[in-house]
A.B. asks: 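Questions regarding the structure given below will be posed in turn.
Convention: sequence-line order gives letters A, B, ...; per-chain numbering from 1.
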Protein chains: 2
Amino acid sequence: MTSRQQPPRTLTIAGSDSGGGAGIQADLKTFTALGTYGLSVITALTSQNTLGVDGVASVEPEFVAQQLRAVVGDIGVDAIKIGMLHNHKVIASVASTLTALFGPRGSPGYPPIVLDPVMFSTSSHVLLDPPSLPALQSQLLPLVQLMTPNIPEAQKLASVDAITDVQGMKAAAREIARLGCAAVLVKGGHLEGETVWDVLYERDGDGEGGEFTVFEHPRVHTKNTHGTGCTQSSAIAAFLAKGKPSVREAIQLATDYVQAALLASFDIGHGSGPLNHLVSILPRALPAPVELDPHPFTNYLIRACAPEWATYTRKHPFVLGLRDGTLPRECFIHFLKQDYIFLMHYARIHALAAYKSFSMEEIDACTDIVKHIIRESKHHIEYCQSWGISLAEFHSTPESGHTVAYTRYVLDTGVSSSLLALRVATAPCLLGYGEVGTWLYSDPGTKREGNDYWPWIEGYAGEDFQLAVTKGRELLEETVRRDPLSARQLEDMVGIFRKATRLEVGFWEQSYVSSGSPPDLATKC
Amino acid sequence: MTSRQQPPRTLTIAGSDSGGGAGIQADLKTFTALGTYGLSVITALTSQNTLGVDGVASVEPEFVAQQLRAVVGDIGVDAIKIGMLHNHKVIASVASTLTALFGPRGSPGYPPIVLDPVMFSTSSHVLLDPPSLPALQSQLLPLVQLMTPNIPEAQKLASVDAITDVQGMKAAAREIARLGCAAVLVKGGHLEGETVWDVLYERDGDGEGGEFTVFEHPRVHTKNTHGTGCTQSSAIAAFLAKGKPSVREAIQLATDYVQAALLASFDIGHGSGPLNHLVSILPRALPAPVELDPHPFTNYLIRACAPEWATYTRKHPFVLGLRDGTLPRECFIHFLKQDYIFLMHYARIHALAAYKSFSMEEIDACTDIVKHIIRESKHHIEYCQSWGISLAEFHSTPESGHTVAYTRYVLDTGVSSSLLALRVATAPCLLGYGEVGTWLYSDPGTKREGNDYWPWIEGYAGEDFQLAVTKGRELLEETVRRDPLSARQLEDMVGIFRKATRLEVGFWEQSYVSSGSPPDLATKC
């Protein structure tokens, strides 16, 4: 169970894009879509949409530092992405605050820092003032693990005229790395062609040599590329925060995410639209189990069938008759005989679950249940004998139509649907008898002394059965936690659970009615 | 297929919380987690963490207006959430800009606006200056559809001393609504008790009377409540943007989201931690189909089994022998005989798929395939007769071990697993023969004149078979689009696809080897 597990903390230090496609907005969307907790230090505000930037409001360098101290001091970070820093004063402020907070790069607890040197927006507004280039090169670069310039940015940073191919990208990457960052990714999207190459250069530990990796991906033809660089660098930071061991692996995963987000991009606004940050996530039909809510799936099933569930576990005259000891003896005997036949099929049902399992552990667990049912059925016979039912009578009892309906419904569900569906079909029996047992056992209104049904109640309230309930419920929750259901699948499961609950109500009913009790007492569900 | 569908556009006009738990950060996380496209107009910056606010930087009212014009003018909005506005000048600027952009409330295209009157943060810093209260009341309230004060805020807005119960909340809600907003939700979390009541008051169209709705939910015991109000109001805006017809319904869904996010909240920082905004989403194992990438599932399966797939569809000597006409005649005859037996089981496989279907349409579609296979099998017999195989020889052919292996593997997959798994097990046959047919038919290197296998190639390249391929692929994509797979389920599907692909390779192999061709030519996969 994922109980209150803290997601990795990812921080963006960048500008704000009111249009939501780039800047801290794209970063926060990326962090969220990749399952991390997003923090942000805003370095400048832009008034911006898909057509471009029409205004910039600066933020005092000291206030940038203050935000950075506030989040790192209290919350901490697992990775940092740095984007637009607007001017050389903000660059200096960020560089000195990072050093004050973490010490020099490589100190214990120093987080991975990815720097996307935003110098131009897609709409070609210059976003850094002229003195920022040397400030970036001398003060910030030595602090970062990875720098991710595109071709025009790499040209400026490496002071080269024109990069036209992978060779040129490699040379520029090595040149930029000399300024002090651990690795450089030069992104080749600005070159022509159907294939895009990105070049990674990682310096050796001793700073002498280094290693190149070339990433290759098909070009996506879309006008909606606003925020591509922001998204890629924050995705790299997110994968590093999530514990990816190498920059190379984080880049590959981030590139896959950006590619998918470009393929799924949509037209919004009149200019260059954003990537689709939502591409990596799905709506959850049901929350995952957490400490404060450990059984969301089974609780949902029961809530969704509340009226049927109440009839089955609380209101049916059969149950009320067990509670106050007034249930006619012949009703209970009818019930016990059919319950034995049910048990035989219940063993088959778990054998089918074993057939539908694909590991020795699971087959073993199912088989244990089958063995348990077989042992219980022997106790059942002894118990029935204590009610005066002979063995001969037992074995000559015909299976009632309703017992056929219930057991064959569950078996057919197992053959025609998934193992989970089979288990959901058996859940009303397990959870319901557990609930009836616990309720009747603990309720002060239940007759104890002189109630012939008290031993039966004790049996279902007992440790042995309650342990089976706990195990069965955990298995259902764990299956759905591991393989979450779509909204439609959840409704299918509700349908199966409801049908099996109704069939349980019918199981009380057949004994109650068939044994001659007044039918007007019988509650239809 | 959801091709480039534009998600609803949701705008937050609020302050920034560097700590990520409240403000526009909480709003953008909520918008993303609920599947909308987030826009933001920043009204003030705070330096903040879980312990509180330690600094505020204001934003010029005119720059707030500029951001608002930039996003509404180009991108447009489907719902707006307004949070902290910091001071009365920003309030005036937002109110006049909204009116300039949209006209008076109720004008065509006027978006739903939810106003969360952030007056105190959870850490009790006052976030609005004194003249803002009258400005909010007189200028902004008349513009909004829903106002969502908590108890202290409702007391200030309604100018009442102390709200201590639901009656007091109702009176305050009605009082606030008089100031001009269409509806008021007074949130009762500040009252004591295990149950929390929220009171909604909606004014009638004529402004005279109104209607109350009381929402009830259990209190969640957690210290991590930072950003609850921000999250709830932005969630309401998101559900309105997504087209929920009533404020009441949007509030209920937003409350469910906030409850789940509180239950799943986690400890981060040293103070009041944030809600878990990620509670409503899941990581996607595979992107959904989009126009630029319509077959992500089947492409993934094929890519994941690239070596086996290449052996099966491109490299096996059986296929190369069909291509240049050199395949020994006895190999092909062996293949044709076993293929007939395969077809019989292939019909059974689709009958099993019909059994596993739960709608007349699906059962009908599966049955059509069975009928199609039966018709094809008759052509198959005629075709075989043209190769000199007699009917008697046909019916006396024993099923080979490999044909048993392949067909029974697929059938067992169908019984033991889901309908999707069964379809994935049949996919290599359908997609692979389609690919072999298309490739051999269109490749200039294929021998046409005098190639005895050319009619066979034409058959699989033909419209009839290719249509079946298209339909089968669409069905697989559609199933996975509707019920997305977890990473583990996707790997299970790859396992099934790979095994069936290997069994297809084995199918070429058995004819190639059994018929006496040199075994060293046979490529093992």
A.B. asks: A:P296, A:G273, A:S280: which one forms the most heavy-atom pairs within less than 4.5 Å of chain B?
C.D. replies: A:S280
A.B. asks: Atom CG of A:L51 and atom CG of B:D74: how far apart are they, to the nearest 0.5 Å?
C.D. replies: 4.0 Å
A.B. asks: Working note: A:D483 + B:R488, criterion side-chain contact (heavy atoms from CB on, under 4.5 Å); need CA distance, chi angles, decisive distance, verdict.
C.D. replies: CA-CA 7 Å; A:D483 301 319; B:R488 207 185 62 98; 2.4 Å; yes
A.B. asks: Return the option, out of A:D412, A:L422, A:T12, with the maximum number of heavy-atom pairs under 4.5 Å with chain B.
C.D. replies: A:D412
A.B. asks: Run the numbers on B:H277 and A:T32 for side-chain contact (heavy atoms from CB on, under 4.5 Å), then give the verdict.
C.D. replies: CA-CA 8 Å; B:H277 292 102; A:T32 302; 5.6 Å; no
A.B. asks: Nearest 0.5 Å, please: how far is OG in A:S18 from CD1 in B:I24?
C.D. replies: 10.5 Å
A.B. asks: Distance check, rounded to the nearest 0.5 Å: A:S417 atom OG versus B:L419 atom CG?
C.D. replies: 9.0 Å
A.B. asks: Below 4.5 Å from any heavy atom of chain A, which atoms of B:F358 appear? Answer side chain, backbone, both or neither.
C.D. replies: side chain
A.B. asks: For residues 36-43 of chain A, give me every residue with a non-hydrogen atom less than 4.5 Å from any non-hydrogen atom of chain B.
C.D. replies: A:T36, A:Y37, A:G38, A:L39, A:S40, A:I42
A.B. asks: Under the salt bridge (charged side-chain N to carboxylate O under 4.0 Å, His left out) definition, can you give me all pairs with a residue in residues 24-49 of chain B, not counting sequence neighbours?
C.D. replies: B:D27-B:K81
A.B. asks: Please round to the nearest 0.5 Å and tell me the distance separating atom CG of B:N49 and atom CD of A:Q67.
C.D. replies: 11.5 Å
A.B. asks: Compile the donor-acceptor pairs under 3.5 Å between side chains in residues 56-66 of chain A and protein atoms, sequence neighbours left out, one pair per line.
C.D. replies:
from, atom 1, to, atom 2, distance (Å)
A:E62, OE2, A:R69, NH2, 2.7
A:Q66, NE2, B:D54, O, 2.7
A:Q66, NE2, B:D54, OD1, 3.2

A.B. asks: Do you know which of A:A421, A:P274, A:G73, A:A260 has the most heavy-atom pairs under 4.5 Å to chain B?
C.D. replies: A:P274
A.B. asks: Sort out for me which of A:V71, A:I268, A:V279, A:L352 touches chain B most, counting heavy-atom pairs under 4.5 Å.
C.D. replies: A:I268
A.B. asks: For A:H270, is it the side chain, the backbone, both or neither that has a heavy atom under 4.5 Å from a heavy atom of chain B?
C.D. replies: both
A.B. asks: For the atom pair OG1 (B:T50) and CD1 (A:I75), what is the distance rounded to the nearest 0.5 Å?
C.D. replies: 5.5 Å
A.B. asks: Among A:G55, A:G414, A:A285, who wins on heavy-atom pairs under 4.5 Å with chain B?
C.D. replies: A:G55
A.B. asks: Could I get the full list of salt bridge (charged side-chain N to carboxylate O under 4.0 Å, His left out) partners for B:D17, not counting sequence neighbours?
C.D. replies: none
A.B. asks: Please report the interatomic distance OG(B:S265) to CD(A:Q6), rounded to the nearest 0.5 Å.
C.D. replies: 12.0 Å
A.B. asks: Between A:D492, A:L34, A:V415, which shows the greatest number of heavy-atom pairs under 4.5 Å with chain B?
C.D. replies: A:V415
